Engineer: 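First the structure, then my questions, so here it is.
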Amino acid sequence: MEKICVAVRVRPPVSLETSGGVFWKVEDNRVSLHRQHDTPVSGTSYAFDHVFEETCSNARVYELLTKDIIHAAVEGFNGTVFAYGQTSSGKTFTMNGSADNPGVISLGVKDIFDAIQMMSNREFLVRVSYMEIYNEEINDLLAVENQKLQIHESLEHGVFVAGLREEIVNSAEQVLKLIESGEVNRHFGETNMNVRSSRSHTIFRMVIESKGKDNDSSSTDAIRVSVLNLVDLAGSERIAKTGADGVRLKEGKHINKSLMALGNVINKLSDGVKQRGHIPYRDSKLTRILQPALGGNAKTSIICTIAPEEDHIEETKGTLQFASRAKRITNCVQVNEILTDAALLKRQKLEIEELRRKLQGSHAGVLEQEILKLRNDMLKYELEREKLQLELEEERRSRKERDQCVREQQMRLQNHNSLVTSSGGNGSHSEEQNSKRQSFCEECSDSNGICQGGAFRTPCSKAAPNAFVVKRSNYSRLPEYSPLPDTFSNVADEDTWLKMNKGYIADLDSLQMTPATKVQSFPLNDGTPGCSNENYRDVQKLKRQLENVTEEKNEFQRKYSEEKILNARLTGEISELRQEVLVIREIPRRLYESVVSSKDFYEDLLCSMKSFAADGESSTAKKLVSISEIGSSLFSTLETNFLMAMDGDKSFSNNDSLVREQCKVFCEKLKSTISALILSEKAPIDNKQGKNSPCSCNNKVVCASSLWLFLTYNISFRNEALTHLVLIAVKGCAQEEESTCWKEKLSSELNTIKEKYHGLEKDLDLNNKFLETSKEMYDSLEREFRLLQEERDSLLNKVSESSQTLTMVTDQKENVLKDYNTEVEKKKNLEEEIKQFSAAFACRQKSLVSFHSDLKSKIEKLRAQNPVSVPKSRG
Ligand code: ADP
Ligand code: MG
C-alpha cells in the first residue's frame, strides 16, 4: 500500500499590489493563511508532502514530485501525475511549462528516454497517445477525426479508450513534436479568469512495454507493461466569478461536474479501505480513465495549484481541503508483468529482434528508422482494423435497434389492421396476420438469440481492473464495453463543489448517475470470415422485414380501395333515398290538391242545393247553411292538416286527434239535423198537402246532401247506426208518391253522389293508407338516412385515418428502405475497406518478408565480406 503524494504550488501573484488583508504563507511543507501582521488565521494551516512557493521552478516540482513516478513507470509501475486547482492557478504552466521553464510533461518524457538508455539489459517499446475530455466527450488530439471516443472495458485490456491513435516513438523530440501538434487541437475559451483558459481535461498517456534482453541471464519471458498518465485538468471555477455564459457556461458545468465526480471519488477513497464501499468511478469519463490512478495499481502524484490573491481565498481553501483529503488515499502498486501475446512488444519484438541485432553497424541509424516506420505502420493497421471492427459492432447494434423499431411498427400496423378488420367483421384475416407476426417474431428471436422482452444478454462479470492496460483488440475477442452517461443532466453547482472539497460526499443516487455494475457486453465476434456470413444473414433478415412491411402496405392499400368502393355505394344509396324522400314529401301536396278539388265540388253541390231552398228563412235553408259551415270548417281543417304535412310539421300526427274530435262534433250535428229533418218531414205527410212538396223536396235535398257530406267526411268513423238513420230518412222520402220525378231525379243524383262518394272514399282510404305507410316509410327512411349519414361520417373518418396511417407507413417504409440502402452501402464500403486493408496488410507483410530476406542476404554478404563478430544491441 502506498499513499498518494500530494503537493501544493503557489502561483506568483498577478500584480505586485497587495490588498493589505490576508495572505498565504509557505513554510517548509506547510501553507497557512496569515493576517497582515503575520498572525495565522486559525484552522487554515495545511501540511502536504511538498509545498512549492511562488519562485519555485517547474524543474524543482518535477524533481521532487514526479521524477520517481517517471522512473517507476520505466520499471513497469503505472503512474499518474495530475494538476488540480482553480482556473488560472498554474496547472497548465506546471504540466506544459514554457520555453525557458519546461513543464512536468516534457521533463518527464526526456527522463523516460534517458532512463531507457540507461537500462541496457531491457528492450523497450514506447507508444504515446494524447486525448482531451471536453464536455464529457473524449477527443483524440493526435487525430482530429477521432471524436467522441468511447470507453470500453475488457478482462484482458481493462479500461481503455477505443479508437484512440497511438504512435510508437523512440525519442523525446518525437514525443514533444506530437504533443505540440496535439496542443493545436485543444479546446480553449475566454473567461474573465484566464484569457486562454483551457476548457478541457487533457490526458497525455505513455505506454511503456519492456522485456529483458535475451542475452540477459536473469531475463524471463514476462513483458512489463506500464501506463503513465500526465493529466492537466480543466480549471474548477465559480460560474458567477468567471462571467461565463452560453457555451462557456455549459463547458463550466461539465468541468465542474467531472471535477465533482473526481472529488466524490477522492472523498470516498479517503474514507479508508474499510469504509470505502462503492467508489463512483463511472460517474465521469475523467474518473473512469483515472480509475487505476485513484486507489488502484498506480503511483500517483497530485499537484494542487493555488492563486495567492485575496479574492481567491475561498477557492484556494477548497483546493487545499481537496488536497488534504487526497493525501489520505492509498494505492496498491505493483509491477505489471504479462505473459500473454497481448504485449505488442512481444509480437513485434519477435519479428524485429533478429534484424535489429544483425543490423548494428554502419547502416544501423537508417535501418532503425525504417524499422520504427514499419512498426508504426503495423500499429496503425492494427488500430485501423480494431476501429473497423468496433464500427461493425456498432452497426450491428444499431441494426438490432432498427429491427426492434420495425417490429414495433409492425405491431402498431397489426393493431390498426385488427381495428379495421374488426369494424369490417372479418376476424379470420386478423388471426392470419397475428400468426404471421408471431412467426416473424419467433424467427427474429431465433436468429438473434435475444429474448423479445428487450432483455439483453447477461453481461460478463468483470473484476475491476486496477491497472492501466493498453488495448489492441486484434489479439483477443472484441471487448466488452461499459457505456457511460453521455450527458450530465444534473449540474454540479459550485457550492456543492466547494462543499466536496471540504469532504462532503454528494448523494450520487439522487443525481441518478450510472450504477456501479452496469456493464454491457458486445456480442462476440469471430473474426472477418464469420462476419461476412453474419452480414449476409442480417441483410437477408432486413430484406424479409422489408417484404413484410411492403405486404402490410399493400394490404392497407387494398383495404383502402375497398373502403372507397363501399363509400361510393353508400353515397349512391343515400341519393336514391333522397329521391324517395322527395316523392314522399309530394304525397301530402297531392292529398291537399284532392281535398281542394273535393271542397270545390262540395261547394258547388251545396250551392245547387241552396238554390232549391228558395226561401232563405226556411229551416232547410238554415240547415244547409249550418251544414255548409260545418263542411267548410272540416275542409279547412283538412287543408290545414295537409298543408302542415306538406311543410313537414311534426305536429301533424298530433293533429289527427283534433280532426277526429271535429269529426265527432260534426257527426252529432248531422245526427240532430237529420232527426230534425225527419220530424219536419212527418208533419206534411200527415197533413197530405201537395203544396208542401217543394219543402219536402228541399228536405230530401238537405237529407241527401247531409248524407253525402256525412259519408264524405266520415272517413274513419263509420257510425253504422247513424248511416242507418240516414237511410231511414231517405226511405221516408221515397214513399212520397207525388214527387216521383223528384225522387227519381234525387235518387239518380244520390246514386251519382254515392258512386262519387264511394270512389272518393276509396281514394281517401287508399290515400290514407298510402299516407300512413308513407309516413312510416318516411320515418324509417329518415332513421336509416341518419344512420347511413353517421356510418358514412365514421367511414370517412376511418378512411382519412387509414390514409394518414398509409402515408406514415409509406414514409416509414421509405425511411427503412433508405436506411437499408445506406446500411448496404456502408457494409459494402466496410467490406471494401477490410479487403483493401487485408490486401495492404498482406502486401506489407510480403514486403517485410522480402525485406527480411534482403536483409538476411545482406547480412550474409556482410558476414562473408567481414567475418568479425557483430556488436551487441544498444537496447
Ligand atoms: P490554469 O491552467 O490553472 O488555468 P495557467 O497555467 O494557464 O492556469 O496559468 C495562468 C497564468 O499564470 C499563465 O499566464 C501562466 O504563465 C501564469 N503562471 C501560472 N503559474 C505560474 C508560475 N508558477 N510561475 C510563473 N507564471 C505562472
Ligand atoms: Mg489550464
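Here the structure is a predicted model, which is why all the values come from computation and not from measurement. Counting convention: from 1, in listed order, for ligands and their atoms alike.
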Engineer: Ignoring angles and geometry beyond distance, decide whether Lys91 reaches within less than 3.5 Å of ligand 1 through its nitrogen or oxygen atoms.
Structural biologist: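 Yes; at least one N/O pair falls below 3.5 Å.
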Engineer: Run the side-chain donor-acceptor check on residues 49-56: report pairs under 3.5 Å with partners two or more places apart or on a different chain.
Structural biologist:
from, atom 1, to, atom 2, distance (Å)
Asp49, OD2, Val6, N, 2.6
His50, NE2, Leu64, O, 3.4

Engineer: Under 4.0 Å from any heavy atom of Gly90, which atoms of ligand 1 are there?
Structural biologist: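 Numbered from 1, ligand 1 contributes 1 (P), 3 (O), 5 (P), 6 (O), 8 (O), 9 (O), 19 (C), 20 (N).
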Engineer: Please identify which atoms of ligand 1 are closer than 4.0 Å to at least one heavy atom of Thr92.
Structural biologist: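 By the 4.0 Å cutoff, the relevant atoms are 2 (O), 6 (O).
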Engineer: Can you sort out which atoms of ligand 1 are near Gln86, meaning under 4.0 Å from one of its heavy atoms?
Structural biologist: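 Answer for ligand 1: 3 (O).
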Engineer: Would you mind finding which of Pro12, Ala83, Ser88 brings a heavy atom closest to atom 23 (N) of ligand 1?
Structural biologist: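 Heavy atom nearest to atom 23 (N) of ligand 1 belongs to Pro12.
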Engineer: First locate atom CZ of Phe77, then atom CG of Asn297, and finally report the distance between them rounded to the nearest 0.5 Å.
Structural biologist: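 Output value for this atom pair is 8.5 Å.
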Engineer: Return yes or no for this condition: an N or O of Asp232 is under 3.5 Å from an N or O of ligand 1.
Structural biologist: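 So ligand 1 has no N or O lying under 3.5 Å from an N or O of Asp232.
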Engineer: As an exercise, identify every atom of ligand 1 less than 4.0 angstrom from a heavy atom of Thr87.
Structural biologist: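 Reading through ligand 1 atom by atom, the close ones are 4 (O).
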Engineer: Report the part of Arg9 (side chain from C-beta onward, or backbone N, CA, C, O) that has a heavy atom under 4.0 Å from ligand 1; answer both or neither where that applies.
Structural biologist: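 Side chain only.
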Engineer: Within a 6.0 Å radius of atom CD on Glu145, are there more than 12 heavy atoms belonging to other residues, nucleotides or ligands?
Structural biologist: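 Atom CD in Glu145 is packed in, count exceeds 12.
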Engineer: For a side-chain hydrogen bond (donor to acceptor under 3.5 Å, both in side chains) check, start with the C-alpha distance between Thr305 and Arg11, then their side-chain angles and the critical distance, and finish with the verdict.
Structural biologist: CA-CA 7 Å; Thr305 54; Arg11 162 174 66 68; over 6 Å; no
Engineer: For Tyr130, give me all partners under ring-ring contact (aromatic ring centres under 6.0 Å, His included), at least two apart in sequence or on another chain.
Structural biologist: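 Tyr130 satisfies ring-ring contact (aromatic ring centres under 6.0 Å, His included) with Phe204 only.
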Engineer: Using distance alone, determine whether Glu54 and ligand 1 share an N or O pair under 3.5 Å.
Structural biologist: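 Glu54 vs ligand 1: no N/O contact under 3.5 Å.
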Engineer: Does Thr92 put an N, O or S atom under 2.8 Å from the Mg ion (ligand 2)?
Structural biologist: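 Looking at Thr92, which is the residue asked about, there is an N, O or S atom under 2.8 Å from the Mg ion (ligand 2).
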Engineer: Where the side chain of Asn78 meets the backbone of Val227, is there a donor-acceptor pair that is under 3.5 Å apart?
Structural biologist: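 Checked: pair present.
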Engineer: Indicate whether the side chain of Ser57 and that of Asn101 have a donor and an acceptor atom separated by less than 3.5 Å.
Structural biologist: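 Absent: no donor and acceptor within the cut-off.
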Engineer: Does Cys56, backbone or side chain, put an N or O under 3.5 Å from an N or O of ligand 1?
Structural biologist: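 No - when backbone and side-chain N and O of Cys56 are compared with those of ligand 1, no distance drops under 3.5 Å.
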